[in-house]
Amino acid sequence: GDGVVPEDAGGGLTDRVRLRQAEFTKEEVLVEKVSRKERQIQVQMQRYLRAPSVRWDDVPDPRSRRGRRWGLHTLLDALLVGMLACCRALRDVETLSEQLVGRSGLGRAARRRVPDTTLDGLLRKAQPEPFVAKLHAQVREMKRGGGLEPMVGLPCGVVTMDGKALATMDRKVNESCQHHEQEGGEYWLQRAVRTVLTSSEVKVCVHQTMIPAATNDMGVFEASYAELLAAYGASDLFGIVTCDAGFTSLHNATLVSDSGRDYVFGLKDNQPALHDKAQQLLLEEISRAEPEGSTDWEKRDGGWMRRSL
């Protein structure tokens, strides 16, 4: 009753008290570690959001001047922080903005909740070009900082260009949506050719080109590669371009070669004559030579596969 814990004969009660005190100490240390980590994240976020490559001064506002209740910078900041937090929908961004009200340590937070309908209205009118330019600026900044160096063993940077389906929708939302039909209904795809720097430890998206509704991946390779060169051609960001079999053609290979880069294009039976000729010329030589390198065996499509070079 006086707050003194008696020690029993065997010392068992005292041991339990000490053990409980140790657990409390561990919890306090854990809380302190989490708190320190949060502070580090806040400092990194502040530094990141102060960088010129994520300022919005040169991004035009696509909205009409009448009826603007929110500044463009505030809305774009909310969207950026939502992307960094892996929000999957604009409603999630709205919820996050409410949680960040007054917490300026997590960046340029809004002073009140940002409605998802306001964000949706902005995105419907925004054009991609200013944001692609921002992406290029961020990549060049990372390159200057030494954060995009090739992994050990690679002689130069490698980019991979591939077609991606960004969204599947039940209606046409813009002119680049591709219409498809299947049993049970129709749908629209928003597609793009995405270029990723696959040679660095962090696989960074360095460019993206929307695919018009009337064409496919192959149809925009030339335009997308020209944009890639315009953004990074003067740098040594990449020296090799890799693509899957859907992009393989003499024209595309020549474009890459003429730009002073090398290419690694896939070849499959979607081009049967070329595929058969390659097998005829190469299989016998491959069977005699020892590979320079091989991956581990992996299970795929019901069988086992190992890649060799």
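Side chains are part of it too, since the values below use all heavy atoms of this structure and drop only hydrogens, waters and symmetry mates.
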Does [X] reach the side chain of [Y], with side-chain heavy atoms less than 4.5 Å apart?
| X | Y | result |
| --- | --- | --- |
| Arg194 | Thr209 | no |
| Val159 | Thr242 | no |
| Val206 | Val196 | no |
| His251 | Glu222 | yes |
| Val204 | Val139 | yes |
| Ile240 | Cys156 | yes |
| Ser294 | Leu309 | no |
| Phe238 | Val158 | no |

| Pairs in or reaching into residues 182-203: which pass ring-ring contact (aromatic ring centres under 6.0 Å, His included), with residues at least two apart or in two chains? |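 Counting only pairs at least two positions apart or across chains, the ring-ring contact (aromatic ring centres under 6.0 Å, His included) contacts touching residues 182-203 are His179-Trp188, His180-Tyr187.
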| Parallel, tilted or perpendicular for Phe221 and Tyr225, by the 30°/60° rule? |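 Aromatic pair Phe221/Tyr225 classed parallel.
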Please check if atom [atom1] in [X] has more than 12 non-hydrogen atoms from other residues, nucleotides or ligands closer than 6.0 Å.
| X | atom1 | result |
| --- | --- | --- |
| Tyr263 | OH | no |
| Arg68 | CZ | yes |
| Met305 | CE | yes |
| Glu175 | CD | no |

| said: side-chain contact (heavy atoms from CB on, under 4.5 Å) for Ser224 and His207? Distances and angles first, verdict last. | reply: CA-CA 8 Å; Ser224 186; His207 186 65; 3.8 Å; yes
Salt bridge between [X] and [Y], side-chain N to carboxylate O under 4.0 Å?
| X | Y | value |
| --- | --- | --- |
| Lys143 | Glu149 | yes |
| Glu298 | Arg306 | no |
| Asp244 | Lys268 | no |

Would you confirm whether [X], through its side chain, and [Y], through its main-chain N or O, come within 3.5 Å as a donor-acceptor pair?
| X | Y | result |
| --- | --- | --- |
| Ser97 | Glu94 | yes |
| Asp258 | Leu255 | no |
| Glu284 | Gln279 | no |
| Thr95 | Arg91 | yes |
| Asp236 | Gly239 | no |
| Thr254 | Leu250 | yes |
| Gln178 | Thr215 | yes |

| field | Pi-cation contact, Trp297 with Arg307 (under 6.0 Å, within 45°) | value |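 Judged by the rule (NZ or CZ under 6.0 Å from the ring centre, within 45° of its axis), Arg307 is not positioned above Trp297.
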| task | Using the side-chain contact (heavy atoms from CB on, under 4.5 Å) rule, take Met210 and Leu166 through it: C-alpha gap first, then chi angles, then the decisive distance, then the call. | result | CA-CA 10 Å; Met210 304 306 295; Leu166 306 181; 3.9 Å; yes
